Amino acid sequence: MHDMLLAIWNQDFDQLVALHSVGLLISCLVVILFLESSFVFLPLPGDSLMLLAGGLVGAGVLGSEVTLLYLPLAAGVGSLLAYLQGRVLQGTVLMGYLQRIVPEQSLFRATQLLSRYGFLAMFSSRFVPVVRVLTPMLMGMGKLPPLRMAVASFASAFLWTQLLSLLGQGMMSIPLFIRHQELLTRLLLTGSLLLFVCAVAALGMRFAHSNPQRHPPRNG
């Protein structure tokens, strides 16, 4: 893993191939995108990784099937899992706890999108971190028909991954970005890491704040 990240950081794509790390890279992208689309308490950097994947496709490191098939499927299946969580966990203590640790603004935004656009909210929520997990969960709590949810999940996942990956590929074809390709790739890697650290820190603060043991009930 370290050698793979180092090869990407140094733009040494020949070394990446020589290490037989392309398959590992694809697997990591698929797993991260699946987890980021499935669990609201795993704030992984999906958007920036999609840009990076598109850039690597544009650079010829990854095949187009990665962004056309593997990553949309991972995001779509992840949203279905989030939907099932909403259906199964509705009314349970765990769902109430999850709602407490989620940022209120994200929960409000997901609720507003869902009430205004119905299952079409999946398309707009895809582009908002955290909200893209909350929306299918709320759909599960609202008992939206599974077939409609599946269609919305995979269609929105395909749209989201294609737009971001095409943007990443486009940046690799613009002369200005080509001249600074190494810097751009490093910024995407660094940005992904920083976003992840900040999201985990914010989630950890909410977790600590919402811990009922910190606020014991008062005696009569």
Side-chain angles (χ1 to χ4, degrees), residues 1-39 42-79 82 122-133 135 152-200:
M1 178 68 74
H2 175 268
D3 292 337
M4 179 187 73
L5 293 175
L6 189 61
I8 297 175
W9 179 267
N10 292 325
Q11 296 282 284
D12 192 351
F13 299 135
D14 292 334
Q15 178 68 11
L16 187 67
V17 174
L19 290 170
H20 303 287
S21 297
V22 175
L24 176 60
L25 174 60
I26 295 174
S27 299
C28 288
L29 291 172
V30 168
V31 170
I32 290 174
L33 210 60
F34 168 75
L35 294 176
E36 194 260 356
S37 301
S38 306
F39 302 104
L42 289 178
L44 300 169
D47 294 314
S48 54
L49 286 180
M50 275 307 310
L51 289 172
L52 177 62
L56 293 176
V57 170
V61 179
L62 299 178
S64 58
E65 71 277 1
V66 175
T67 53
L68 286 173
L69 180 60
Y70 302 155
L71 298 184
L73 279 177
V77 173
S79 293
M122 282 294 298
F123 291 87
S124 53
S125 66
R126 279 287 180 191
F127 297 89
V128 186
V130 180
V131 176
R132 60 172 157 261
V133 186
T135 300
S153 178
F154 286 109
S156 62
F158 184 80
L159 175 66
W160 173 61
T161 54
Q162 293 317 294
L163 286 178
L164 289 182
S165 63
L166 287 174
L167 179 60
Q169 292 181 51
M171 288 192 298
M172 291 301 183
S173 63
I174 298 174
L176 175 62
F177 288 123
I178 291 176
R179 291 195 296 269
H180 303 284
Q181 188 180 52
E182 182 175 345
L183 176 62
L184 180 62
T185 302
R186 291 182 176 181
L187 286 175
L188 286 173
L189 282 174
T190 305
S192 298
L193 179 60
L194 289 177
L195 287 173
F196 174 69
V197 170
C198 292
V200 168

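As the structure is a prediction and not an experimental result, all values here were calculated from the model.
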Spatial distance of atom [atom1] ([X]) from atom [atom2] ([Y]) [nearest 0.5 Å]:
| X | Y | atom1 | atom2 | answer |
| --- | --- | --- | --- | --- |
| C28 | L33 | SG | CG | 12.5 Å |
| R132 | S79 | CZ | OG | 9.0 Å |
| Q169 | L51 | CD | CG | 11.0 Å |

Worksheet, complete the sentence: Here the salt bridge (Lys or Arg N to Asp or Glu O under 4.0 Å) pairs for residues 51-79, sequence neighbours left out, are none

Show the nearest heavy-atom pair for residues [X] and [Y], with the distance to one decimal.
| X | Y | result |
| --- | --- | --- |
| S124 | V128 | O-CG2, 4.0 Å |
| A53 | L29 | CB-CD1, 4.1 Å |
| A82 | V133 | CB-O, 3.9 Å |

Discussion item. List the residues meeting side-chain contact (heavy atoms from CB on, under 4.5 Å) with V31, not counting sequence neighbours, and say none if there are none.
Written reply: L35

Quick one: side chains of residues 153-163, donor-acceptor pairs under 3.5 Å with protein atoms, not counting sequence neighbours, listed by atom name and distance.
residue: S153; atom: OG; partner: G76; partner atom: O; Å: 2.7
residue: S156; atom: OG; partner: R126; partner atom: NE; Å: 3.0
residue: S156; atom: OG; partner: A152; partner atom: O; Å: 2.6
residue: S156; atom: OG; partner: S153; partner atom: O; Å: 3.1
residue: W160; atom: NE1; partner: D47; partner atom: OD1; Å: 3.0
residue: W160; atom: NE1; partner: R126; partner atom: O; Å: 3.4
residue: T161; atom: OG1; partner: A157; partner atom: O; Å: 2.8
residue: T161; atom: OG1; partner: F158; partner atom: O; Å: 3.1
residue: Q162; atom: NE2; partner: T67; partner atom: O; Å: 2.4

Discussion item. If the test is side-chain contact (heavy atoms from CB on, under 4.5 Å), which one of L56, L52, V30 qualifies with L25?
Written reply: L56

Item to complete: State which residues pass side chain to side chain donor-acceptor pair (under 3.5 Å) with S165; sequence neighbours excluded, sorted by chain then number.
Response: none

Discussion item. Please check this pair: side chain of S125 against backbone of M122, looking for a donor-acceptor N/O pair closer than 3.5 Å.
Written reply: yes

